[in-house]
Amino acid sequence: MSVVVETESLTRRFDAHVAVDSLDLTIQGGEIFAVLGPNGAGKTTVIKMLTTLLPPSSGRARVAGFDIVRQAGAVRRAIGYVPQLISADGMLTGYENLLIFAKLYDVPRRERQARIGDALEFMELGEAAGRLVSQYSGGMIRRLEIAQSMLHMPRVLFLDEPTSGLDPIARNAVWDHLVRLRDRFGTTIVFTTHLMEEADAFCSRLAILHGGKLVAENTPAALKAGIGRPDATLDDVFVHFAGGGVEDGGGFRETARVRHAAHRLG
């Protein structure tokens, strides 16, 4: 199994604030890997650097074999990205959204219809292809966004809070499709979440960030066993490594963004 994401002392500063502090991380091909942490821990900043949306202040990272700074264009062609905020256009149909993304990803014209059709069927959206996305449920919107991100067959798929605002049924449906995606195409999935049960159920390994630093990394089972409690849950692991106090991070802007996304998906 080859390494598809590797960081070395990856750091991002915003003036005097260190959002990500000397992160060393290795993710293998075909893994489902979770990045956990309280608000303000640096999760989204890590994802933005790895997807070339934000340059690092120092350190290095390679994604799919390409340097995120010197080979940013090659990184973008090798990845898919589903942000927390909705990226689909509600005034277009599902098919029209996918057609736009196929053009943005430079999918050859002769392959577009087949790729779009396959993506719609894989995400079980074939019957809704001609409907406006504004009429979709939250779970359908997320599945469409995942379909958009996979049209160019990326090696790595990054998702920032992919099931935020979804009810349990829709959340499980999204994850059923993500697991099938990994199994069928060998896609490496890297995601952030605040839902410990989601990380415990679906990821092969996870990293916990706190104050911008990597404080734990292993399989969910190993992390639960490592805190010395036979009945430990991943919530217990999170509290153990990220601190037991009330977390006030995130601020007004992040809170507003999360609630806006949850409202639109709900």
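This chain uses plain numbering: 1 for the first residue, then up along the sequence. All values below come from the heavy atoms of this structure, side chains included, with hydrogens, waters and symmetry mates left out.
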Of the non-hydrogen atoms in [X] and [Y], which two are nearest, and what is the gap between them?
X      : Y      : value
Leu132 : Gly90  : CB-O, 3.9 Å
Leu151 : Ala102 : CD1-N, 3.7 Å
Glu145 : Ala88  : OE2-N, 3.4 Å
Leu234 : Ala199 : CD2-CB, 3.9 Å
Gly139 : Leu166 : N-CD2, 3.7 Å
Asn39  : His194 : OD1-NE2, 2.9 Å

Report yes if the side chains of [X] and [Y] come closer than 4.5 Å at any heavy-atom pair, otherwise no.
X      : Y      : answer
Ser2   : Arg155 : yes
Leu178 : Leu159 : yes
Pro220 : Cys203 : yes
Phe158 : Thr192 : no
Val156 : Leu50  : no

Any chance you could measure [X], atom [atom1], to [Y], atom [atom2], to the nearest 0.5 Å?
X      : Y      : atom1 : atom2 : value
Leu23  : Thr7   : CG    : OG1   : 4.0 Å
Ile47  : Thr51  : CD1   : OG1   : 7.0 Å
His240 : Ile208 : NE2   : CD1   : 9.0 Å
Arg115 : Arg112 : CZ    : CZ    : 10.5 Å
Leu125 : Ile116 : CG    : CD1   : 13.0 Å
Thr44  : Leu53  : OG1   : CG    : 11.0 Å

Under the 4.5 Å side-chain heavy-atom rule for ILVMFWY, direct or indirect, which residues accompany Ile100?
Leu92, Leu104
Using the test ring pair (Phe, Tyr, Trp, His ring centres under 6.0 Å), find all partners of Phe241 that sit at least two apart in sequence or belong to another chain.
none
What pairs meet the salt bridge (charged side-chain N to carboxylate O under 4.0 Å, His left out) rule with one or both residues in residues 18-28, with sequence neighbours excluded?
Asp21-Lys213
Should we say atom CG of Asp15 is surrounded by more than 12 heavy atoms from elsewhere, each under 6.0 Å from it?
no
Sequence neighbours left out, what pairs pass ring-ring contact (aromatic ring centres under 6.0 Å, His included) with at least one residue falling in residues 8-35?
none
Looking at [Y], is its backbone amide N or carbonyl O close enough to the side chain of [X] to form a donor-acceptor pair, meaning the two atoms are under 3.5 Å apart?
X      : Y      : answer
Lys43  : Pro38  : yes
Ser164 : Pro162 : no
Ser204 : Ile32  : yes

Scan [range] for pairs that pass side chain to side chain donor-acceptor pair (under 3.5 Å), counting only residues two or more places apart or in two chains.
range            : answer
residues 174-184 : Trp175-Glu198
residues 64-80   : Thr52-Arg76
residues 91-103  : Thr93-Glu96, Tyr95-Gln113

Would you sort out whether Leu144 and Met123 count as a side chain to side chain contact (heavy atoms under 4.5 Å, CB included), showing the intermediate values?
CA-CA 7 Å; Leu144 177 65; Met123 289 295 165; over 6 Å; no
Identify, with sequence neighbours excluded, every residue that meets salt bridge (charged side-chain N to carboxylate O under 4.0 Å, His left out) alongside [X].
X      : result
Arg205 : Glu31, Glu217
Glu8   : Arg60
Asp236 : Arg229
Glu124 : none

Start with the C-alpha gap between Lys224 and Asp200, add the side-chain angles, then the distance that decides, and say whether salt bridge (Lys or Arg N to Asp or Glu O under 4.0 Å) holds.
CA-CA 10 Å; Lys224 286 185 285 187; Asp200 200 4; 3.0 Å; yes
What residues form a side chain to side chain donor-acceptor pair (under 3.5 Å) with Ser57, not counting sequence neighbours?
none
Would Arg171 and Leu195 count as a side chain to side chain contact (heavy atoms under 4.5 Å, CB included) if you check the C-alpha gap in whole Å, the side-chain angles of each, and the deciding distance to 0.1 Å?
CA-CA 11 Å; Arg171 188 160 65 238; Leu195 300 174; 3.5 Å; yes
Any side-chain donor-acceptor pair under 3.5 Å between His152 and Asp106?
no
